[in-house]
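So the structure is just underneath, and the comments pick up after that.
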Amino acid sequence: MPRIVKVAAAQIGAVHRDSSRDSTISRMIDLLNTAVSKGAQLIVFPECAFTTFFPRYLFSDPAEMESYFEDDAGGNSIADSKNVKPLFDKAREAGVDIWVGYGERTSSGQHFNTAVYFCGKTGEVISKYRKVHVPGFVNPPFPGAEVHLEKRYFETGDLGFEAFRAPGLIPNALKANTGEEDTDGKGDAIIGSLICNDRRWPESWRPYGLQGAELVLVGFNTNGKADDIYKPRQPISLEDAREQALFHHRLSMQYNSYANSCFSISAGRCGMDDGKFDLIGGSSIVDSDGHIIAEAKTVDDEVVFAEIDLEECRKGKKDIFNFAVNRQPQTYGIITAQKGYVEPKLLF
Ligand code: CDV
């Protein structure tokens with residue numbers, strides 16, 4: 001039986017340090033409306049979507065740093081927060097689901113790089129994810145260095161990789177307690193969330209693969225020099241840097257979708273923030289065989305849309321990546337036992 005879902009990535013172009021939440025949210029609502037006009041049931045927005053990508057700055061004023069975060073007391077509170085409510089209200093009004101990333105400040109004062117999945121039909125946040133692989137530095141390596149400071153502003157996500165079912169995307173999805181014995185691949189869509197750097201790590205995807213994920217949603221902010229954040233290499237042109245960063249973005253999305261037999265949607269912030277901080281585009285929808293089926297053509301606000309059939313995931317899940325038949329977890333202990341790599345002893 002086909003399991004058709006209409007999905008969109010809402011890519012957002014340049015957002016500057018002094019851009020107001022209101023102006024960014026009004027752009028996001030325009031993107032939502034465009035996606036809805038194409039028939040989208042689910043719209044994915046980028047990482048830290050409501051503001052510029054603030055972890056690139058070393059703030060001298062703590063109040064400015066805090067101003068980029070949203071207060072979130074859990075449950076539905078982000079959707080009802082006055083700063084960002086108009087976007088969630090629009091999703092409610094249109095009856096569409098949205099996934100959106102933001103800097104989260106909890107009621108106990110913790111800070112996370114977070115994304116929520118909001119179901120427009122029920123009007124509720126049904127899943128929250130906090131970025132696990134937080135890249136960059138706590139302190140700039142030398143005074144005045146303009147570097148990625150995510151480790152300064154965000155704690156490591158503490159919610160794990162928990163897949164969830166999104167109600168209402170697939171008509172006639174099997175529900176619990178129907179007495180049906182074979183429920184495999186018949187229920188509501190199974191979804192997982194990742195944020196930017198997470199997508200480069202196979203360890204982030206496999207837990208979702210092991211929960212039967214059919215769709216992995218990713219928000220990102222990737223600079224053209226993403227490959228150079230820790231140790232700059234030979235200077236290369238902006239175009240070459242972008243191409244290289246796009247290559248690794250595509251590689252991550254395509255391989256991991258293939259290896260976990262799931263579709264993926266990635267939505268990026270892009271363009272030149274403040275006229276000088278370059279972020280790549282490349283927002284995409286990838287099928288469960290690893291093919292890009294739709295991709296952004298600009299580095300500006302743009303909706304990437306596709307109609308996908310989650311039934312296609314069955315092929316990989318039952319064949320080349322039939323985990324139950326072919327995985328050998330008893331041999332994978334090193335993956336969770338060890339953090340950095342340890343080389344074999346030197347030869348005599
Ligand atoms: N926002 C990110 O996590 N960006 C990283 C860069 C800094 C390498 C990324 O993986 O794209």
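Order of listing sets the numbers, starting from 1, for every ligand and every atom in it. For reference, positions follow the sequence shown, starting with 1.
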Requested in this report: Return yes when atom NZ of Lys6 has more than 12 non-hydrogen atoms of other residues, nucleotides or ligands closer than 6.0 Å, and no otherwise.
Outcome: no
Requested in this report: Tell me which one of Gly268, Gly101, Cys196, Cys48 gets a heavy atom nearest to atom 5 (C) of ligand 1.
Outcome: Cys196
Query raised in the report: Which of the numbered atoms in ligand 1 are below 4.0 angstrom from a heavy atom of Lys131?
Result: 1 (N), 2 (C), 3 (O)
**Report entry** CG/Asn172: more than 12 non-hydrogen atoms of other groups inside 6.0 Å
**Finding:** no
Report task. Please confirm whether Gly136 comes under 4.0 Å of ligand 1, counting heavy atoms of the residue only. Result -> no
**Report entry** Option nearest atom 4 (N) of ligand 1 (shortest heavy-atom distance, choices Ile280, Asn197, Thr222, Asn221)
**Finding:** Asn221
Requested in this report: Under 4.0 Å, heavy atoms only, figure out whether ligand 1 is touched by the backbone of Glu47, its side chain, both or neither.
Outcome: side chain
Query raised in the report: Under 4.0 Å from ligand 1, counting heavy atoms only, is it the side chain of Phe220, its backbone, both or neither?
Result: neither
Query raised in the report: With sequence neighbours excluded, what pairs up with Asp158 under the salt bridge (Lys or Arg N to Asp or Glu O under 4.0 Å) test?
Result: Arg130
**Report entry** Atoms in ligand 1 flagged as close to Phe53, the criterion being non-hydrogen separation under 4.0 Å
**Finding:** 1 (N)
Query raised in the report: Is it true that His133 lies under 4.0 Å from ligand 1, counting heavy atoms only?
Result: no
Report task. Specify the closest pair of heavy atoms between Glu47 and Cys196, including all atoms of both residues, with the distance to one decimal. Result -> OE1-CB, 3.3 Å
Report task. Check ligand 1 against Arg200 and write out every atom of the ligand that is under 4.0 Å from a heavy-atom position of the residue. Result -> 9 (C), 10 (O), 11 (O)
Report task. Indicate whether the side chain of Tyr57 and that of Asp274 have a donor and an acceptor atom separated by less than 3.5 Å. Result -> yes
Query raised in the report: ligand 1 and Asn223, any nitrogen or oxygen pair closer than 3.5 angstrom?
Result: no
Requested in this report: Tell me, yes or no, whether the heavy-atom count around Tyr258 atom OH, taken from other residues, nucleotides or ligands under 6.0 Å, exceeds 12.
Outcome: no
Query - Polar contact flag, side-chain donor to acceptor under 3.5 angstrom, Thr51-Arg269 - result: no
Query - Contacts of Asp30 that satisfy side-chain contact (heavy atoms from CB on, under 4.5 Å) - sequence neighbours left out - result: none
Report summary line: A student checking ligand 1 against Pro135 at a 4.0 Å heavy-atom cut-off should list atoms 3 (O)
Query raised in the report: Within less than 4.0 angstrom of ligand 1, does Glu150 place any heavy atom?
Result: yes
